[in-house]
Every structure is written in C-alpha cells, then in structure tokens.
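First comes the structure, then the notes that go with it.
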Amino acid sequence: MKTFTSVKQLGDLGEALTQAAAVKADPFADQAPGRNKTLLLVFFNNSLRTRLSTQKAALNLGMDVIVLDVNQGAWRLETGRGVVMDGDKSEHLLEAIPVMGSYCDLIGVRSFARFESREDDYNEVILNQFIQYSGRPVFSMEAATRHPLQTFADLITIEEHKTKARPKVVMTWAPHPKALPQAVPNSFVEGMAMGDYDFVIANPEGYDLAPEFVGNARVTHDQDEALRGADFVYAKNWASYTDYGKVLSKDLGWTVTKEKMALTDNAFFMHCLPVRRNMIVTDEVIEGPRSLVIPEAANRVVSAQTVLKRMLESL
Amino acid sequence: MKTFTSVKQLGDLGEALTQAAAVKADPFADQAPGRNKTLLLVFFNNSLRTRLSTQKAALNLGMDVIVLDVNQGAWRLETGRGVVMDGDKSEHLLEAIPVMGSYCDLIGVRSFARFESREDDYNEVILNQFIQYSGRPVFSMEAATRHPLQTFADLITIEEHKTKARPKVVMTWAPHPKALPQAVPNSFVEGMAMGDYDFVIANPEGYDLAPEFVGNARVTHDQDEALRGADFVYAKNWASYTDYGKVLSKDLGWTVTKEKMALTDNAFFMHCLPVRRNMIVTDEVIEGPRSLVIPEAANRVVSAQTVLKRMLESL
Amino acid sequence: MKTFTSVKQLGDLGEALTQAAAVKADPFADQAPGRNKTLLLVFFNNSLRTRLSTQKAALNLGMDVIVLDVNQGAWRLETGRGVVMDGDKSEHLLEAIPVMGSYCDLIGVRSFARFESREDDYNEVILNQFIQYSGRPVFSMEAATRHPLQTFADLITIEEHKTKARPKVVMTWAPHPKALPQAVPNSFVEGMAMGDYDFVIANPEGYDLAPEFVGNARVTHDQDEALRGADFVYAKNWASYTDYGKVLSKDLGWTVTKEKMALTDNAFFMHCLPVRRNMIVTDEVIEGPRSLVIPEAANRVVSAQTVLKRMLESL
C-alpha cells in the first residue's frame, strides 16, 4: 500500500484479518524489511494509544521511529496559500512536508478535524498535502474524517469475540462535554460495510453522520430499539455534522448503563478510548466482564503492524 | 524482580553491588535478554537524570525504549473513582494504565508526591495502580515516598569511595525555596539500613521524617554535632512530614558550606541533584575536590541497568 | 573531530565533499562504529530540520539517540555563576552538563543567540560550557554565532548544482517580522571562504555582519547590483549586529521576487528554512523550478552524517 487513509484500502477483510492474526501470533517474525527504514510519526494532536501502539508496531518490525510533536519543540506551521507570513507561524506546511519526507521512509500523520470549515475537514486538507508533497507513503493516525487504524483494530476485536456468523453491531452516540470529530464513527461505518454484520447506528436527531459515510447503513434515533438483541455495543460521541461541529445534546439518557446493556443479547461493550466515564459509559459497564476496551486497544499494535508491514512491502 | 519500588527489594546489598560492578565494568556484555523487549517510561513529572540514565541503561541492555510525558502530547488523566468526567481530563487512569501495559514489556513510572493528601501520597496511589492494573512489571523512577534507583546509585557511590569499614554518613536537611517531597530522604534511610554505616539524620525541628521510614535511625536537630567526624555528607531538602508539605524554614544556617564541611573528617559531599546552589550547598563545596555529585549521577545508569537486568530475567 | 562548532573545522573542503558524497551514495554502509554509541541531542530551542536530520544521520550510522528538550519535561537551568538559586530554575548548567555527558558518547547542542548580551552570544557561553564541562565531544546544532551543519549542507548543495568552476553566490538579507540570530549568515560566510566562489553579501545599511565574520568578503547595500549575474541566491534574514538584536527594517523591497531573480544568471534560490513566505521570498520563487530549498534541507542528513562519522572515528 502506498497510502492508508481509509480502512477500505485493506481490500479483502478476510485476508487482512489472516495477516493480522499472523502478526499477533508472532510479532517479531520478520524484521528484515524494517531494517534501516525510518518511520516518522507527525502529531498535530494529542495521542496515547496511537503514539505508543504505532511505535511498538514499528519496533516489532525492526524499524527506527522518530516522533515529532508539531506543537512542541518544532515550529508552528502555516497552512494557507498566499499568506504574507508576518505572524507567529514560522514555517509553511509546503516546505515542512517535503522536508519531513526527506528524513524518513514512511510517514504517519495525526491531524484532527478543526471544526473551522466542514469543507476543509472533509477534504482532508492536511493529510492530503502530506500525500501530495512528502514524496513518501503516508498513513493516517486519525485524520479529520477517518481513523482507519482504529477501525481495523475494532474489526480484529469483533472477529476475535463474535459467536455468530452475522453478529448484530450497534454503534451508539453517547454524550460528551466537548465537540469531538466524526473520524471514528465515519471510519467504523466504513469498516462495517467490509464484513457480514447486522449493523445499526443509533444517534439523537441532529447527529446523523455525513451521507457519504452512512450510505445504506440503518440509522435510528431510538437507542433502546437499536440495542435490543445486540452482540456488540460500540459507543462513541461525535459533534453534529449537519450543524457542523456543534454540541446539540449532552443528554445522559444516552449514556451506556447496565440497564441499557440489559436490552442486548449479553453484548460486548467497545469504545476506542479515551472515554469519559459516566458520560459515555458507566463505571460498572466499562469495568464489567463484557467490556472489550482493553483488548481492543491492545489490538492497535496488531492493526498498525499489519498496515506497516504492507507499506514496507511496497517501498 | 516483578516490581521495584523500594531499594530494600534488592535483597542482599553485597550481591547487588557485585552485580552493579559487573554492569559498570562491561555495560554491553549481554544484550540478548533485552532484544525485542520494550521499556515504557511514563513521566508525570519533570526529569533529567532519571529520563536519560534509564534510557541509557535500557539501550545498554539492547531494549527498545518509548518515553511518554503524560502532560505533553498525551491526554490529561483522571485518577478519582466514580467521577462524572465532564471536565478537562479526557481519560481515566483505569483505562490508560492497562492500555500502556499492552504496548510494552516493562514500565517505569515517575509520579511525585502531590502534597494534596498525605494519606494518598504515602499510600502511593498512582504507582500502586500501575502495579495493579498494567499487567507488567513496574519500577519506580521516583514515586511519592521513595526514589529507589537514586538510593541504589547512592549506595554504589558510597561503596566506591569509602575508606573505612563502617563510614559515618550524615544525611542533612538544607534549605530550598519550594516544598519538596520526602522520597529521596525516605529512600536513603532505607538504603542505609541495608549496609554497615554509622548513620545520622540531621534536620531542623518540625522536619522529622515519617516514623515508618526513620525506624531506629539516629536523628538530631544539631547539624554541627552531626557533621563532626562525618565521612559522607548527603544533603537534601524536604518539606515537613508532620505539618505535611509545608516549608517551615529556609534557614541558610543549614546550607552546607566550607565551614560546615571543616567539621567533618574530610567528608565527601553528595546530593541527588538537581541542587539549588547557595541554598543547599555553596559553589565552593559542590565544585570542590570532595564533591561526588557527578560520579553519583553517573552511577544512575549502573543502578538502573542492574535493576532492569533483574527485571528482564524475571519476564 | 573532537568538537564541531564551525564549518572551518572540516578542514579541506574537497575532502569533506568527497566523504559527503560517499555517505549520500550509501547511507548504511558502515554501522559498526555507531554500535552501542549514544548520541544525546540537547535542544534549548525549537527545531524541525536539525532535530529530524541529525536523528536520521545517527540512526544511519547505527547509533542510539536520546533527545532532550530542555524546556519541556526537564528542569529549567540556571546559567549564571554565584547565584543564590531561590527562583524558578531548579538546576545549574554546571551540574546538568557533566551529568548529561555521563549518559552518552557524543552531544549535539542547539542554543540560539539570546540577544541579551552581544558579548555573551559572541562568546558562545552555552556551547563552550558544554565543551568545557561535558567530558564528551560536542557539536553545534546551531549556536549563537554559527550553524555549521547547515553551512556544510549548503556547500554540498551548491557543489551538486554548480555549472561553473567559480559560481557567483549572493547572500542577501531579506525582511522578517522578528529578530533573528546571525548564526546562519555568519556561518555561510565562513563556508564561502573555504571554496572557490565569487561571493557577495547584500544587506541594508545597519545590517553589516560582525567584522570577524565578514573578513574580506565583498559587501554591498545595493541588492540589485549584487544579484546581477548571480548563480546562487542565498536569502536570509538577520537582526542588526551593530545595533545588536534590533529589527531596523522590514522593507519588502528586499523580498526575493521573480523580478529580482530576473536580474540573475538564472540563479538557484536557496534558504536554510524555516522561511517566511512573501516576506523573505515570494511563493512563485520558492515553488519555482530553480528553488533548491528541499534538496538543501535533505542534504542536512548528509552533512550531519559526515560530521558524526568523523566524530565517531575520534572516540
């Protein structure tokens, strides 16, 4: 793979899952392709899981890793064209990106939606400039509209735990104090379309995701109805797409509680983390025996390593 | 070793010193156990020596190292139970810790006393959660009540420089502008009990350390009397234990000066660093021929490497 | 080399360029000398190119690298002598430097001019303390008065692109919103004296560089006259040396535009980056076919690797 910005680029899911299982079974099996290859991880935003799991995945493959926090210890970057740069930004992305590309073999980029312009966010302005100007294969460590390494880890986790050929998976919106991007839910919808899942999205009115992501997926505004018979409950907050970037509700009636989980078919609980406890989900559900949040996070190494392996093969 | 939170866990001091000497003589002797092992260093607080020496020790052992500064580039962490997380903290330690554990083989944690609650500090709430929830061997890179890697380096340094079978070691309080934790002095008292030392603690009234650490150690409030005949002067500031976290004195009469050192038996001067010059110790003493602060700091690599080696052996 | 603080320490330029070409042709040719050698990079200031290219160069040589951002996650450092350290600085450079030296084999230091005292800056107080007290070979990653790794990369780039035995190289001042150090231009003047170049410096009145750097170089205050017939235009802003650290002009008449470039002999455009677009240079020039800024930045790896290789050989 020359880029990895959407989980759909994995192609056949079964094949990707087989590769992931092999990586998980023997993480150090093959370090030759990574030798003398340098991975640059560029963070425009905070990160815990992505930062650590992607480093670990690269180390497992024998690569060297350089981490760059753009807002700490580097220069602030201008992103607009034609600007007279007489302010506080010392460098333009148009120089910074090819320069970064000169110092590595592969680039991972984390750049969240900024909620300043839906058009800019949904055009993935930052990520696409990396693809266009870096001269290197680029993968997303969560961009404005997708978080494909997370979704692949989610798919691996569901496949490891499902007990039915076609499990019911419910992605439900849940309340959060701040405006969060739609990258994780958009990306999860893409992932659901890659396998055989009875998939339902539950969210309050005003929170429907972008039509180009929802596609034919079933959407309901009745959380209880969605949860009935669910095998997996995938909770996530996101800000409004239609009223872009706004927090229209903090309704704790959408929090995933023990009572809500009782509506399901003894479903597993999933969340990409970080999670606001007692907003998104109660302590007892997330700490309960059906919570998959930790194995799901652990699979981030498997997801990243499988993707990095493919990208290394294409160098 | 499955954890290393107190220098006492080293067991027999003579054996530990022999191992340390071997590590120092040939730091790269054995890198096989570290291969494909990842050490995660988690910093809740600033660090220079610990940050660098622990990395160097791990590299000497052939390990990979990932450094995480919790307050820079990661998410702010909630530590309380049952909290509705609607504030500025994005993630709970109860998720963050097992997630961190998923991405590494060993974890080092630096988490200072917060001085908000003596009970919480002395119960080592943060460090113990890492031990309980990470699923990995955990070692302290200075916690609320102890700094065992420092103490082990101190013991190595004293053993390298002592010229008497039973040297007199004086740990003296000295003034400092801010409230500092008791981790280093507590830990040093633990270390002194492991060998054959004529040990005295000198501090102003109101600065006696916690009884469970002091134990049977001799304590005096008369610095001059303590210093007489000393072979090693170990200076350190700490805030009050009884009036917890308070700065009761900035008395420069306790500063270690040339005149004070003249009371000793040509003692070596030691300090864990960082040190406030002309508060804790005068320029001429710390720059003088009997100052051990630099070899003491250099021994931090030896200390960390000896401990990491033992922990690797137990994986 | 035991230190590298000025490009002149490379000695014979032809020999250095030959070594650089060999490094560039086969960056992984020889990793044995770097094995079990740790490079410490100490940043007192922001960095993108230097941070990444020096890491990459060291990795290419098989070294381990530890990065320390002094103002993030470490202690604030006191640099004055005799100070009673009762303020916000926790550690003195006189301890910090030899401690850092204990944990590595080589040290790179970035420490810009502070513009508080021309004497201190031009005496390279910080860099020289590292040389004096660290006990390790030290190289500059841009100090107060020179940026030799940049200059060497500039020389490599010019040699790769020149089509005349003695090309005309014009270093021209250009406007910038903030006061910038003279390190890059000083250093570039030193580099020009090492080869066969028709070299001219163009700057407004009040912006003449320090006489000890300018030496016999030709200086003009007429940019247009300087540019005529140029083969390379090396743009750079710097603050006044005579009226030390002051911004005397932001005259956009000195911006390098298409019209200015038309005066040259189809010159290449060079800049060390980061560059303020439409202050230093217009979009169309920096994005044009004669712009060398990206290959020039890419050569920072070659420059650093050639220097590190020499320093490793002297260990």
Side-chain angles (χ1 to χ4, degrees), chain B residues 27-29 31 41 43-60 62-65 67-73 110 175-178 180 250 252 255 271 273-284 286-287 291 293-302 304, chain C residues 32-44 55 58-59 62-108 129 132-136 315:
Chain B
F28 311 115
Q31 302 189 322
L41 302 182
F43 290 95
F44 287 85
N45 305 96
N46 281 355
S47 173
L48 173 67
R49 271 151 293 280
T50 301
R51 177 186 298 270
L52 300 182
S53 64
T54 314
Q55 283 186 73
K56 184 70 174 94
L59 294 170
N60 287 354
M63 303 182 79
D64 294 315
V65 186
V67 175
L68 182 72
D69 282 295
V70 173
N71 298 317
Q72 289 164 23
R110 165 163 282 212
H176 191 282
K178 293 200 302 181
L180 294 191
K250 299 184 187 177
L252 296 177
T255 302
H271 189 280
L273 305 182
V275 68
R276 300 280 184 142
R277 282 173 168 237
N278 303 309
M279 295 283 297
I280 300 285
V281 58
T282 58
D283 291 334
E284 61 186 350
I286 199 169
E287 295 184 29
S291 172
V293 296
I294 304 305
E296 182 184 0
N299 276 332
R300 292 291 306 276
V301 177
V302 183
Chain C
R35 199 173 139 66
N36 289 330
K37 294 287 181 285
T38 299
L39 171 62
L40 176 63
L41 302 181
V42 182
F43 291 95
F44 288 86
Q55 283 185 73
L59 293 170
M63 302 182 80
D64 294 314
V65 186
I66 299 178
V67 175
L68 182 72
D69 283 295
V70 173
N71 298 317
Q72 289 164 24
W75 305 103
R76 294 201 58 203
L77 297 178
E78 176 62 55
T79 57
R81 299 301 300 260
V83 174
V84 177
M85 290 173 58
D86 55 3
D88 61 345
K89 292 178 179 165
S90 301
E91 180 147 27
H92 201 286
L93 210 58
L94 288 176
E95 275 76 59
I97 290 175
V99 166
M100 293 179 199
S102 317
Y103 303 149
C104 64
D105 300 284
L106 275 180
I107 304 184
Q129 288 189 77
Q132 192 174 352
Y133 297 117
S134 71
R136 301 293 173 192
L315 284 185

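Here the structure is a predicted model, which means the values were calculated and not measured.
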Fill in the blank from the handout: Turns out that what part of C:Val84 lies under 4.5 Å from chain B's heavy atoms comes down to both
Fill in the blank from the handout: Of B:Asn299, B:Val65, B:Val275, B:Asp283, the largest count of non-hydrogen pairs under 4.5 angstrom with chain C goes to B:Val275
Handout entry: Any residue meeting salt bridge (charged side-chain N to carboxylate O under 4.0 Å, His left out) with B:Glu287, in chain and number order, not counting sequence neighbours
Key = B:Arg277, C:Arg81
Exercise for the section: Check whether any side-chain heavy atom of B:Arg110 sits under 4.5 Å from a side-chain heavy atom of B:Thr50, and report yes or no. Expected result: yes
Completion exercise
Listed by number, the residues in residues 32-39 of chain C that come under 4.5 Å of chain B (heavy atom to heavy atom) are C:Arg35, C:Asn36, C:Thr38
Problem - Donor-acceptor pair, side chain of C:Gln129 and main chain of C:Leu94, under 3.5 angstrom - result: no
Handout entry: Test item: C:Glu78 side-chain N/O and C:Ser90 main-chain N/O as donor-acceptor pair under 3.5 Å
Key = no
Exercise for the section: With a 4.5 angstrom heavy-atom cut-off, could you sort out which part of B:Gln31 is near chain C: side chain, backbone, both or neither? Expected result: side chain
Problem - Pairing residues for B:Thr255 by the side chain to side chain contact (heavy atoms under 4.5 Å, CB included) criterion, not counting sequence neighbours - result: B:Pro175, B:Leu252, B:Thr257, B:Thr282
Exercise for the section: Mind checking side chain to side chain contact (heavy atoms under 4.5 Å, CB included) for C:Ser134 and listing every partner two or more places apart, or none if nothing turns up? Expected result: C:Ile97, C:Ile107, C:Arg136, C:Val138
Exercise for the section: Give the minimum heavy-atom separation between C:Glu95 and B:Ile294, together with the two atoms involved. Expected result: O-CD1, 3.9 Å
